[in-house]
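Everything quoted here is computed from the prediction, not taken from an experiment. Protein chains get the first letters and strands the later ones, always in sequence-line order, with residue 1 at the start of each.
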Protein chains: 2
Amino acid sequence: MAQCDTKTRILDGAEQLFAREGFHNTSLRVLTNLAEANLASVNYHFGSKESLLQAVIERRLLPLNKIREEKIRKVLALAEKNSILPGAEDLLRAFIEPTLEFRNSSPGARDFISLIGRSLSEPDETVRNCFLDLASPILQVLFKALHQALPQLPPEILITRLQFIMGTMSHVMCMGNHSAFNNPELPLPLDHNTLVDQLMKFVLAGLEAPK
Amino acid sequence: MAQCDTKTRILDGAEQLFAREGFHNTSLRVLTNLAEANLASVNYHFGSKESLLQAVIERRLLPLNKIREEKIRKVLALAEKNSILPGAEDLLRAFIEPTLEFRNSSPGARDFISLIGRSLSEPDETVRNCFLDLASPILQVLFKALHQALPQLPPEILITRLQFIMGTMSHVMCMGNHSAFNNPELPLPLDHNTLVDQLMKFVLAGLEAPK
DNA sequence: ACTCGTTTCAAACAAGTGTTTAAATAAAAC
DNA sequence: GTTTTATTTAAACACTTGTTTGAAACGAGT
């Protein structure tokens with residue numbers, strides 16, 4: 001076994017660099033340097049740079065998706081038990097809250113969230129699919145659950161608004177340091193709870209907007 | 001002058017490739033090949049690859065921003081003339097509608113919109129600022145106008161919700177071909193007008209959500 | 001002590017990058 | 001028609017990229 005933590009050091013470094021500099025702007029040389037590993041070690045442990053990206057995403061997205069799905073299922077189960085419709089707000093919260101909570105849990109997690117926030121609009125198809133393949137199932141679950149919650153909303157409108165919500169979320173997930181407003185007199189120092197609160201209110205209002 | 005359209009051919013090709021493959025994934029060799037120009041011509045006409053990006057963005061963003069600003073000012077002027085508050089919906093529409101209309105006007109325009117839609121979350125600071133420096137003024141204008149329209153909304157909440165709106169817009173601007181929902185039974189063939197309509201309703205509801 | 005499978009390492013590989021150069025060509029000015 | 005200027009071209013430059021290689025070092029198992 002030896003010190004298998006070379007693998008984790010590489011994963012951690014890759015997470016940070018892929019998030020902050022982008023996948024294609026990260027060279028294996030500066031990565032292995034940051035991770036205090038030999039250049040060849042990423043090919044030895046992961047096979048290729050792309051497989052490394054896949055590993056970086058899988059390591060954290062699979063557990064996160066599990067949590068989100070559990071929470072959604074819990075909302076659905078409770079509603080069914082009480083013979084009422086599941087609440088759209090509860091469902092959205094079950095999806096959003098764990099995401100932002102995870103983002104707030106550690107610097108590496110923040111990097112990771114920023115990485116997958118950007119991957120929705122990643123131009124490179126291989127890179128984008130690396131994320132989409134893992135994210136697609138949970139999005140299907142969320143869609144079906146929200147369709148139960150809002151049966152009067154036509155599916156094509158629901159899916160459109162869900163797209164809008166994904167856009168809003170991605171943006172929040174990405175914007176670590178920089179802001180669209182370059183030099184405003186107003187900073188936006190939103191703490192974690194306020195941000196979740198505001199995001200929830202925004203997307204819920206949008207989702208339930210008059211047709 | 002000669003046929004200065006070498007410059008435009010390069011601009012057109014760069015627009016397409018930067019949007020579809022990304023700035024860093026576009027090599028000057030395939031670009032000049034597509035544009036039927038010599039490899040050295042981009043350095044001759046633009047100085048560097050980065051200056052070319054700047055030129056690509058400036059060519060279309062400056063006129064677009066002018067239109068958006070004019071429309072916003074018109075809404076403000078009309079409101080002042082009638083001694084009423086400007087409507088948030090009118091202001092948002094003045095910003096959003098020209099953007100999506102432009103996106104719909106030609107294939108090149110669609111590429112361009114997708115390019116700047118992604119540049120908000122671009123990891124490379126130089127590339128990101130290339131867009132932000134040109135976009136920042138119009139965002140300030142929009143912010144101040146919306147602050148007039150919704151004086152009861154605390155500025156820090158307004159700016160947060162504006163950030164959300166920018167996220168939603170960026171996502172719509174990017175999503176040319178691909179969707180977050182990989183294999184849904186439901187396609188989203190939204191025509192231009194429906195998309196504008198749905199987007200307007202979504203962001204307006206979010207902006208005016210209860211505090 | 002010796003072997004075997006795993007991991008590390010420095011070096012080289014082949015291919016691709018943006019940029020520069022200097023000669024050739026075209027256009028314009030006088 | 002000649003002289004400047006502007007543009008195009010092929011070739012080279014210096015450098016970085018991801019990946020491969022083969023030998024060295026390590027860590028149990030017997």
**OP:** Remember a base hit wins even if backbone is also touched, and classify A/Thr26 as base, sugar-phosphate or nothing at under 4.0 Å, heavy atoms.
**Re:** sugar-phosphate
Subject >> N or O in side chain of A/Ser27 less than 4.0 angstrom from D/dT16 OP1/OP2 >> reply: no
Original post:
Is there a side-chain contact between A/Phe46 and A/Leu53 (heavy atoms, below 4.5 Å)?
Top reply: no
**OP:** Whole angstrom is fine here: how far is it from NE2 in B/His24 over to P in D/dG18?
**Re:** 13 Å
**OP:** Calculate the interatomic distance between B/Leu39 atom CG and D/dT9 atom P; express it in whole Å.
**Re:** 11 Å
Subject >> Nucleotide nearest A/Tyr44 when distance is taken to its side chain, options C/dT19, C/dT6, D/dT7 >> reply: C/dT6
Subject >> Nearest-Å distance for atom pair NZ/C1', residues B/Lys7 and D/dA6 >> reply: 12 Å
Original post:
For C/dG18, does either OP1 or OP2 sit under 4.0 Å from a side-chain N or O belonging to B/Ser48?
Top reply: no
Subject >> Length of the CG-P vector between A/Asn25 and C/dG18, whole Å >> reply: 12 Å
Original post:
Would a 4.5 Å heavy-atom cut-off, applied to side chains only, mark B/Pro123 and A/Glu21 as touching?
Top reply: no
Subject >> Among D/dG18, C/dT19, C/dT20, the nucleotide that comes nearest once only the side chain of A/Lys49 is considered >> reply: D/dG18
**OP:** Rounded to the nearest angstrom, tell me the gap between atom CZ in B/Phe46 and atom P in C/dT19.
**Re:** 13 Å
Original post:
When all nucleic acid strands are considered with a 4.0 Å heavy-atom cut-off, which category describes A/Ser41: base, sugar-phosphate, or nothing?
Top reply: nothing
Subject >> Residue B/Asn43, side-chain atoms from C-beta onward, closest of C/dT20, C/dT8, D/dT8 >> reply: C/dT20
Original post:
Taking only side-chain nitrogens and oxygens of A/His45, does any of them come within less than 4.0 Å of OP1 or OP2 of C/dT6?
Top reply: no
Subject >> Carboxylate-amine/guanidinium proximity below 4.0 Å for A/Arg103 and A/Asp111 >> reply: no
Original post:
Once you round it to whole Å, what is the distance between P of C/dT7 and CD1 of A/Ile10?
Top reply: 12 Å
Original post:
Salt bridge between A/Glu15 and A/Arg60, side-chain N to carboxylate O under 4.0 Å?
Top reply: yes
Original post:
Any salt bridge between A/Arg20 and B/Asp124, counting N to O under 4.0 Å?
Top reply: no
**OP:** Let me know the distance between CD of A/Glu50 and P of D/dT17, rounded to the nearest Å.
**Re:** 17 Å
Original post:
For the side chain of A/Ala40, counting heavy atoms from C-beta on, which of C/dT21, C/dC9, D/dA12 is nearest?
Top reply: C/dC9
**OP:** Can you check whether any acceptor in the base of C/dG16 is under 3.5 Å from a donor in the side chain of B/Arg29, or vice versa?
**Re:** no
**OP:** Mind calculating the distance between CG (A/Leu52) and C1' (D/dG18) to the nearest angstrom?
**Re:** 12 Å
Original post:
Looking at the side chain of B/Asn38, which of D/dT8, C/dT8, D/dT19 is the nearest nucleotide?
Top reply: D/dT8
